[in-house]
Amino acid sequence: MKRSVPFEEEHEIFRKSLRRFLENEYVPHLEEWCDFGAMPREYWQKLGEQGYLCPWVAEEYGGMDADFLFSVILTEEIARNLGDSAIGVPLHSDMVMPYIDSYGSPEQKARWMPAAVSGEKILAVAMTEPGAGSDLAAIRATARKEGDGYVINGQKTFITNGTQADLVVVAVKTNTEVSPHQGMSLFVVERDTPGFSVSGKLEKIGIPFQDTAEMYFEECRVQADNLLGEEGRGFYYLMEKLQQERLVVSVSAQVRAEVILEATIEYCKSRELFGKPLSSMQNTQFRVAEMATEIELGRTMIDRLIVEHMKGEEVVTEVSMAKWWVTEMLNRVATQCLQLHGGYGYMVEYPVARAWVDARVQTLYAGTTEVMKTIIAKRMGL
Ligand SMILES: Cc1cc2nc3c(=O)[nH]c(=O)nc-3n(C[C@H](O)[C@H](O)[C@H](O)COP(=O)(O)OP(=O)(O)OC[C@H]3O[C@@H](n4cnc5c(N)ncnc54)[C@H](O)[C@@H]3O)c2cc1C
């Protein structure tokens with residue numbers, strides 16, 4: 001597919017070696033990981049050792065100082081080769097690490113970033129609570145100042161990388177007297193901190209090797225230097241980083257749609273019925289043409305946003321449009337591709353079956369379709 005992103009030779013080399021690495025070292029293990037319910041820790045470390053995690057991080061913190069296109073390639077190749085279940089990798093690399101990089105002090109960066117780049121430490125971000133998902137301002141977790149630190153209380157849910165995470169960026173209220181926009185703060189909570197505990201893996205309908213968990217904070221004491229950035233700025237920090245988070249999710253969803261269609265075209269060419277290939281039937285051709293058109297539209301939008309995001313432009317409205325449209329398009333494509341597989345599409349053995357179930361989460365996390373539409377409408381002055 002034609003791309004309008006300015007990939008250069010160094011990007012293509014990175015993509016080629018990452019793809020080969022994933023195909024050889026990771027793809028053969030996907031079934032085991034589904035049983036285990038996570039990508040085992042050693043595979044995080046292998047990614048880190050090869051320089052694939054957080055390539056954009058400054059060299060002094062272990063990264064390669066690479067541009068955002070390397071992150072795009074990481075997300076795309078993870079989505080292509082490992083599927084939606086591995087969304088925790090781009091989450092670690094391009095959704096959570098940026099909080100530490102942008103708001104951490106030099107000491108905090110030196111303390112946390114190198115181990116996350118090497119894959120020794122796995123990152124997570126905990127915003128959602130049982131009583132507050134879309135309505136982030138309604139979170140109830142708190143941190144009160146005590147002595148030279150803070151004491152955190154509250155519960156978080158649906159946390160990606162939850163069971164394995166070593167460092168969790170947690171959103172809490174440090175002041176419940178003021179508006180939530182002024183009273184929220186972010187803390188980095190380390191795995192072994194007393195008072196911090198994690199549930200087992202939540203049972204989900206899809207993304208079987210992405211571990212998702214609940215987190216509990218009971219009189220969990222952290223040092224003042226676990227506070228990220230300024231106290232009371234947490235809500236703004238979260239808003240600032242959502243553009244990239246939602247762009248990365250859209251990049252991933254776009255690739256998933258492309259991969260599912262590619263596999264379905266191959267299937268339709270090989271399946272014979274009524275004495276001819278399924279691909280020769282007009283219904284198949286019309287369906288494929290419709291899906292290819294939608295995918296092309298998605299690709300045009302995503303590539304434009306990648307370039308604008310790289311230039312530092314504020315494209316929150318457009319990224320919100322891409323997030324809802326591309327993830328809904330992925331679900332339409334997955335449903336239609338499953339239909340073209342007939343009964344085989346319902347068999348777990350066929351990749352399209354799992355792809356269909358796994359795609360379902362994309363319109364929910366990182367802000368639901370409805371939340372994206374409320375953002376767009378608000379920014380249009382409604
Ligand atoms: C697999 C998975 C992984 C996740 N990973 C993380 C993670 O790592 N960290 C994290 O913090 N969270 C994570 N989440 C949480 C996710 O971001 C939330 O589930 C999502 O934001 C929706 O919140 P909710 O589930 O509470 O639904 P609710 O907010 O209760 O929404 C219920 C329904 O109301 C709709 N709705 C919301 N607002 C409006 C409105 N204004 N008008 C009309 N309808 C509306 C929603 O679209 C939805 O259909 C994850 C979720 C899943 C499923």
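Hydrogens, waters and symmetry mates are skipped; everything else that's a heavy atom, side chains included, is used. In listed order, ligands and their atoms are each counted from 1.
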Indicate, with yes or no, if the rings of W112 and Y61 have centres closer together than 6.0 Å.
no
Looking at V361, V96, T128, V168, the heavy atom closest to atom 1 (C) of ligand 1 belongs to V361
Are any non-hydrogen protein atoms located under 4.0 Å from atom 4 (C) of ligand 1?
yes
Which residue and heavy atom of the protein sit nearest atom 51 (C) of ligand 1, plus the separation
F158 CB, 3.6 Å
From T368, I159, D358, V125 - option closest to atom 46 (C) of ligand 1 by heavy atom
T368
Could you say whether the N/O atoms of A126 and ligand 1 ever approach to under 3.5 Å?
no
Sidechain N-carboxylate O distance under 4.0 Å for R3, E76
yes
Could you tell me, atom by atom, which parts of ligand 1 come under 4.0 Å of a heavy atom of T374?
41 (N)
Within the structure, does L91 bring an N/O atom to less than 3.5 angstrom of an N/O atom in ligand 1?
no
Would you please indicate if the ring centroids of H341 and Y346 are separated by under 6.0 Å?
no
Starting from atom 26 (O) of ligand 1, what is the nearest protein heavy atom, named by residue and atom, and what distance separates them?
G133 CA, 3.2 Å
Is the gap between the ring centers of Y52 and F14 under 6.0 Å?
yes
Salt bridge flag under 4.0 Å for residues K145 and E231
yes
Check whether I78 and L247 end up in the same hydrophobic cluster, where Ile, Leu, Val, Met, Phe, Trp and Tyr are linked by side-chain heavy atoms less than 4.5 Å apart.
yes
Determine, using heavy atoms of A366 and all atoms of ligand 1, whether some pair is separated by less than 4.0 Å.
yes
As a test of understanding, state which of E77, E10, E8 forms a salt bridge (Lys or Arg N to Asp or Glu O under 4.0 Å) with R15.
E77
Specify whether the nearest protein heavy atom to atom 19 (O) of ligand 1 is under 4.0 angstrom away.
yes
Grab the two heavy atoms, one from F70 and one from P55, that are nearest each other, plus how far apart they are.
CB-CG, 3.9 Å
How far is atom 2 (C) of ligand 1 from the closest protein heavy atom, and which atom is that?
Y365 CD2, 3.8 Å
Establish whether atom 34 (O) of ligand 1 and some protein heavy atom are separated by less than 4.0 angstrom.
no
Could any protein non-hydrogen atom be found less than 4.0 Å from atom 22 (C) of ligand 1?
yes
For atom 37 (C) of ligand 1, what is the nearest protein heavy atom, given as residue, atom name and distance?
S134 OG, 3.4 Å
E129 versus ligand 1: do any nitrogen or oxygen atoms come within less than 3.5 Å of each other?
no
State whether R19 and E12 are salt-bridged, where the test is any N-O pair (Lys NZ or Arg NE/NH1/NH2 against Asp/Glu carboxylate O) under 4.0 Å.
no
Atom indices of ligand 1, in the order listed, that fall short of 4.0 Å to a heavy atom of L364:
20 (C)
Any nitrogen or oxygen of T160 lying under 3.5 Å from a nitrogen or oxygen in ligand 1? Just yes or no.
yes
Taking the six-membered ring for Trp, are Y216 and F196 ring centroids under 6.0 Å apart?
no
Knowing that exactly one of F187, Y236, Y237 qualifies, which makes a ring-ring contact (aromatic ring centres under 6.0 Å, His included) with Y103?
Y237
Option set K204, E370, K373, criterion heavy-atom distance to atom 45 (C) of ligand 1, minimum:
E370
